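Since the structure comes first, as structure tokens, the remarks are kept for the end.
Just so it is clear, the structure is predicted and the values come from calculations on it, not from any experiment.
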Number of protein chains: 2
Amino acid sequence: MDSKVKSKASSKIRRKIDKERRRCDIIEAAKRIFFSRGYTGTTMDDIAEAAGLTKPTLYSYFKTKDELYYSLTLPIIEKLTENQKRIKEKLENGHYCCGSEIIRDHFNGYFELYAASPEAFRLFMLFQQTGMFHRLKKSIAEKINKQVKERYEAIRSIYSDAMKKNLIRTVNVYHLIDTLWGTFQGIVLSTEMKFGNDAAASEKALKVLKDTLDFARTIISESIENKN
Amino acid sequence: MDSKVKSKASSKIRRKIDKERRRCDIIEAAKRIFFSRGYTGTTMDDIAEAAGLTKPTLYSYFKTKDELYYSLTLPIIEKLTENQKRIKEKLENGHYCCGSEIIRDHFNGYFELYAASPEAFRLFMLFQQTGMFHRLKKSIAEKINKQVKERYEAIRSIYSDAMKKNLIRTVNVYHLIDTLWGTFQGIVLSTEMKFGNDAAASEKALKVLKDTLDFARTIISESIENKN
DNA sequence: AATAAAATTTTACCAATAGTTAAATTGTCA
DNA sequence: TGACAATTTAACTATTGGTAAAATTTTATT
């Protein structure tokens, strides 16, 4: 009787795990194909085949093509959240002795995310743009918007605290974080433009990117540091 | 005989003007529909109807939907070129007495363009992203890339000259212009995100945007100014 | 006015593909 | 064995980007 219950429960769990793994398989396959052939160049049949299943099954995991495309950015958002949490903790525990250290961690967090999966990061940036939403179903656009706003609020709270703690000169916090994220984003885009679509693959491109980011970071840090 | 030649020539000219005007009509209609219903939500039949012609005629003006979509950014690129030319001339004629004036003109040029047609400007930013090209035909992507690179080179040359003239501290010019454009772009995006898709319509949103831009411009100017 | 030439409309079509449906199949547990 | 869930098969719908060709209108020329 005990074993019965156990097997019943475990089978349910296993099923759940199976489903989860299959979802992952689909996402991995979708990544490969979307990122090599583009959105328009990719059909749902392609993805189904690459993931080793059929179209109706694919549609049982993802309601629409847009939803699948969008879900490729989920890992990015998760890791972004982790990064922010880490900075927040460090700040709360008094591990920062000046503002430029925060900005450094902040930028490095973005950079590592980008380096780990440039295509996914690019997609994330793209989705942030309200303009991009023109190409998406409304429901999806709203989901993304919500998540982006949460990340925005988290980072705002970090820099507000840093100002309270006198690590950073008191300025309009919205201006500051818009400038920070904007700068990061813009530099990534410019660098990619210069090195072409395969920028990520190239060591050199990554180095140029890092250098430019350091340049911008230095400029901003200088102006923002609290001189005491 | 003279009048014959004249009428022949003028009729040809008028025809050209007609075609040009029709092209404009199409672009205006496409703008309205694309910007309200989005790319996917807009069909070529819709646009044809809105422009008061039929699909085959539409296709005689624009080879593909992507090409039409992309052509909405052309006015932006033209005006961008004008702006840059104006700055270049001012610089060559010695009308700048410090670097921050250049940066001010540079940013203001972007801002005016954005304010005049936010949707088109947004589209222009979008197209700059290599990631965006995934959704475009290769030939179009290459055209855009070429134009963006030309604008990039023009602005690089301006800031190089400014350094030679000692208006700006000597730094890596690529780092500098990537930072400038990136900052502008990023701030626009962040502001739009906050105010929603109708940001442009709102006076308040425009004011916030301008303030944030001023903030970033000040920071960058301070670091970049040549102290003598 | 008559005619030639260009542009446009009409109408019909093709091909690709997002998304659906329902019956048949397989595997899993009791 | 029988019940249940997930999957496959296989066919289908609807939309839409894009094309083709003949008919019609507009415009310019003689």
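Between the A:S157 side chain and the A:E153 main chain, no donor and acceptor come within less than 3.5 Å of each other.
Per the geometry, NZ belonging to B:K65 stands 14 Å off C1' belonging to C:dA16, to the nearest Å. With rounding to whole Å, A:F34 atom CZ is found 9 Å from C:dA18 atom P. Distance, B:D46 CG to D:dG17 C1': 13 Å, rounded to whole Å. Look at CZ on B:F62: it is 13 Å from P on D:dG18, rounded to the nearest Å. Rounding to whole angstrom units, CG of residue B:L58 and C1' of D:dT19 are separated by 13 Å. Atom NZ in A:K19 sits about 14 Å away from atom C1' in D:dC4, given to the nearest Å.
Aromatic rings from A:Y152 and A:W181 are positioned such that their centres are separated by 6.0 Å or more. Side-chain rings of B:F184 and B:H106 stay apart, their centers remaining 6.0 Å or farther from each other.
Checking B:Y61 against B:D25 by side-chain atom types alone, no donor-acceptor pair falls below 3.5 Å.
The side chain to side chain contact (heavy atoms under 4.5 Å, CB included) test applied to B:S60 returns B:T57, not counting sequence neighbours. Residues satisfying the side chain to side chain contact (heavy atoms under 4.5 Å, CB included) test with A:A154, not counting sequence neighbours, are A:Q84, A:R151.
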Protein-nucleotides 8-11 of chain D N/O pairs under 3.5 Å:
| from | atom 1 | to | atom 2 | distance (Å) |
| --- | --- | --- | --- | --- |
| D:dT8 | OP2 | A:T54 | N | 3.4 |
| D:dT8 | OP2 | A:T54 | OG1 | 3.3 |
| D:dT8 | OP2 | A:T57 | OG1 | 2.7 |

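Within 4.0 Å of B:Y61, counting heavy atoms only, lie sugar-phosphate atoms of the nucleic acid but no base atom.
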